[in-house]
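Shown next, in structure tokens, is the structure this report addresses.
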Amino acid sequence: ALPISMGRLKRERSMSENTARQNGQLVRHDSIYGLVTLDSTLEATPDDMTVVDAASLRRQIIKLNRRLQLLEEENKERTKKEMIMYSITVAFWLFNSWLWLRR
């Protein structure tokens, strides 16, 4: 699961660092957190800016939602692994204690 997660993270990072031109407005995605900065040198009306802002915010929410779902899945997997390891460790010590008491 770890190599798949790292691949996803690298893919998301590369996608979020790409530069895209939408609705005449240059949108640059910085870092893996998907922060968006708008190039203020381009001319646009306030209505155009609102549409671009709403679209970019919608994309950010979708990306963050996907990342949150991935983190929740990874957390569930980690919890399962921890429970299995805890159970194996307790069984090991109980077995060793039983062997020690039988001597």
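If you read the sequence from its start, that first residue is 1, and numbering goes on from there. These numbers were taken from a predicted model, which means no experiment stands behind them.
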**OP:** Applying side-chain contact (heavy atoms from CB on, under 4.5 Å), name anything that partners Ile62, two or more places apart in sequence or on another chain.
**Re:** Arg58, Arg66
**OP:** With sequence neighbours excluded, tell me which residues meet side-chain contact (heavy atoms from CB on, under 4.5 Å) with Tyr86.
**Re:** Val90
Subject >> Hydrophobic cluster partners of Ile61 (side-chain heavy atoms under 4.5 Å) >> reply: none
Original post:
Which value, rounded to the nearest 0.5 Å, describes the distance between Gln60 atom CD and Asp53 atom CG?
Top reply: 9.5 Å
Listing, residues 92-103 side-chain donor-acceptor contacts under 3.5 Å, not counting sequence neighbours, or none:
from, atom 1, to, atom 2, distance (Å)
Ser97, OG, Trp93, O, 2.8

Original post:
In the hydrophobic clustering (ILVMFWY, side-chain contacts below 4.5 Å, transitive), which residues join Leu57, or is it alone?
Top reply: none
Original post:
In chain order, what residues pass the side-chain contact (heavy atoms from CB on, under 4.5 Å) check against Asn65, with sequence neighbours excluded?
Top reply: Gln69
Subject >> Results of salt bridge (Lys or Arg N to Asp or Glu O under 4.0 Å) for Glu72 - residues two or more places apart only >> reply: none
Subject >> Check ion pair Glu74-Arg78 (N to O, under 4.0 angstrom) >> reply: no
